[in-house]
Number of protein chains: 2
Amino acid sequence: MNTKYEGFETPGITVDLSIFTVNETRLKVMLVRRAEVPFQGYWSLPGGFLKTSESLDAAAQRVLCEKSGVSDVYMEQLYTFGDPKRDPRSRVITVAYIALIPWQSLPQPASEKVTDLTWASVDALPKLAFDHREILSYAVKRLRAKVSYSNIVYGLMPKQFRLSELQSMYETIIDDKLDKRNFRKQMLATGLLKETGKKELAGAHRPAMLYQFKSKEIVFFN
Amino acid sequence: MNTKYEGFETPGITVDLSIFTVNETRLKVMLVRRAEVPFQGYWSLPGGFLKTSESLDAAAQRVLCEKSGVSDVYMEQLYTFGDPKRDPRSRVITVAYIALIPWQSLPQPASEKVTDLTWASVDALPKLAFDHREILSYAVKRLRAKVSYSNIVYGLMPKQFRLSELQSMYETIIDDKLDKRNFRKQMLATGLLKETGKKELAGAHRPAMLYQFKSKEIVFFN
DNA sequence: CCAAAAGTGTTATTGATACACCCATGC
DNA sequence: GCATGGGTGTATCAATAACACTTTTGG
């Protein structure tokens, strides 16, 4: 038996990531296909075992980079799931994380044949391995809540953007429509945005002013 | 070496609890004195190793009951701390919890000689073992924040109470004064309280109506 | 000149804040 | 009758919500 102290357990520790992005006005999450038992062939959240002398944050960062190819994005610890039966093989406790990646920052997949990684709309999920469905709904809940009292959408926007793109980002995540004038007023009132001076000229319409965030800091409102 | 898979670690898992109560208009947290190395003789948060086939919540519940003698109180998972160096002996990851106990629910200590357990004011803490100071400041931060957007103070109130006691509870936790009339208006407007009909007669003043919560549910505002 | 998205202010409503006096009781 | 905490209402201010038309461009 795999114990360190009499009667106490030393379970395996993993990190599992809910990596979100928004594309085509859909909130999407990264799923990877499991190559091994248990749940072979099922989709699951990307994750991995904690390595020796690696902090939890570092492990999450490593998994993020391995799977997405990006680093330096918004990430936070979500919750720790430790039900004794959540892994049918042996006791595994997982520390769940949330990460946000702007769609534009994602490297395009090298080939069309990548079938072991996908971005699934959170409202059209396949069956998931382990308790990953539960983890993911918790992650979505946290994300939706946090959007409304912080500027966490930072993590999903490209460097420069139109205010209408920012509004669309909010609308996609909270799944509701917002008033254009009130939205702009409020956003500019936060003082967190600055004009870049550049104007986007693409499209048969009046060009839009491009904005960017003054800093990467996440701020809480209320 | 204590590994389960090549290169992966199976650290010890503990739960550590920040158990809060309020007494004499001070927010207090339970500390226990460590009998063993490391940090022998230091004060620390109550905690313990996860047992085989025990869920994280169950472990936290067990520790709570062992140390405080109460169960069925408000408890929530806080955060997981996994720095590789946080325990000088070996790798230990701790899942931190918050618990709230009404002062009136606490069994009085059997003898005056109990010197291995204390309730310390959170603004006058001794040196703590491990990273418990960090855990505790995180817990206090969470508690203070949550008080202002939920009815989490439920967890600290006795069955029946005066509105002025409820106000005092809020003021103690957020460390600020509130307006009496506005406070009462808002509290009653939530619809979460009901009069008990009873009046408290103690004291040389007009007796106060006693209230209680309609349900134990925790509700979020905003 | 038509389509398409950008940009812009005012009013109404709601919620939050500030504030002072009388009441019921015990001693 | 005085000290103590209990109990009550209104006016102001700030924030939020509702709402429609003009502008600039490409085709």
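Letters A, B, ... mirror the listed sequences (proteins, then strands); counts begin at 1.
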Taken in chain and number order and not counting sequence neighbours, the residues that satisfy ring-ring contact (aromatic ring centres under 6.0 Å, His included) with Tyr138(B) are Tyr79(B)
In whole angstroms, the gap separating C1' of dT4(D) from CD of Glu200(B) amounts to 13 Å
Applying side chain to side chain contact (heavy atoms under 4.5 Å, CB included) to Ser55(A) and not counting sequence neighbours gives Asp57(A), Ala58(A), Pro84(B)
Per the under-4.0 Å heavy-atom filter, residues of residues 156-177 of chain A near DNA chain C come out as Arg162(A), Ser164(A)
By side chain to side chain contact (heavy atoms under 4.5 Å, CB included), Asp123(A) pairs with (sequence neighbours left out) Arg26(A), Ser121(A)
Got more than 12 heavy atoms from elsewhere within 6.0 Å of CD, Glu217(A)? no
Counted 5' to 3', the first and last nucleotides of DNA chain C within 4.0 Å (strictly under) of a heavy-atom of chain A are dA3(C) to dT10(C)
Show the atom names and distances, to 0.1 Å, of all donor-acceptor pairs under 3.5 Å that link a side chain in residues 139-148 of chain B to residues at least two apart or in another chain.
residue   : atom : partner   : partner atom : Å
Arg142(B) : NH1  : Glu76(B)  : OE2          : 2.7
Arg142(B) : NH2  : Leu78(B)  : O            : 2.7
Arg144(B) : NE   : Ile173(B) : O            : 2.7
Lys146(B) : NZ   : Glu76(B)  : OE1          : 2.8
Lys146(B) : NZ   : Glu76(B)  : OE2          : 3.2
Ser148(B) : OG   : Ala145(B) : O            : 2.7

Residue pairs meeting side-chain hydrogen bond (donor to acceptor under 3.5 Å, both in side chains), one or both in residues 40-50 of chain A, sequence neighbours left out, come to none
Taking only N/O atoms, report every protein-nucleotides 25-27 of chain D pair under 3.5 Å with atom names and distance.
residue : atom : partner   : partner atom : Å
dT25(D) : O2   : Ala204(A) : O            : 3.2
dT25(D) : O2   : His205(A) : N            : 3.2

Residues pairing under side-chain hydrogen bond (donor to acceptor under 3.5 Å, both in side chains) where one sits in residues 199-209 of chain A, two or more places apart or in two chains, turn out to be Arg162(A)-Glu200(A)
Leu45(B) and His132(B) have their tightest heavy-atom pair at N-ND1, 3.0 Å
query = Can a salt bridge be assigned to the pair Lys85(A) and Asp131(A) using a cut-off of 4.0 Å between side-chain N and carboxylate O?
reply = no
Lys198(A) meets the side chain to side chain contact (heavy atoms under 4.5 Å, CB included) criterion, sequence neighbours left out, with Gln160(A), Thr196(A), Leu210(A)
Heavy atoms of Pro207(B) and Leu201(B) approach each other most closely as CB-CD2, 3.6 Å
Note: contacts of residues 178-190 of chain A with DNA chain C (heavy atom, under 4.0 Å) are Lys180(A), Arg181(A), Arg184(A), Lys185(A)
For residues 180-190 of chain B, dump all side-chain donor-acceptor pairs below 3.5 Å to protein atoms at least two apart in sequence or in another chain.
residue   : atom : partner   : partner atom : Å
Asn182(B) : OD1  : Lys185(B) : NZ           : 3.2
Asn182(B) : ND2  : Asp179(B) : OD2          : 3.3
Thr190(B) : OG1  : Met187(B) : O            : 2.6
Thr190(B) : OG1  : Leu192(B) : N            : 3.2

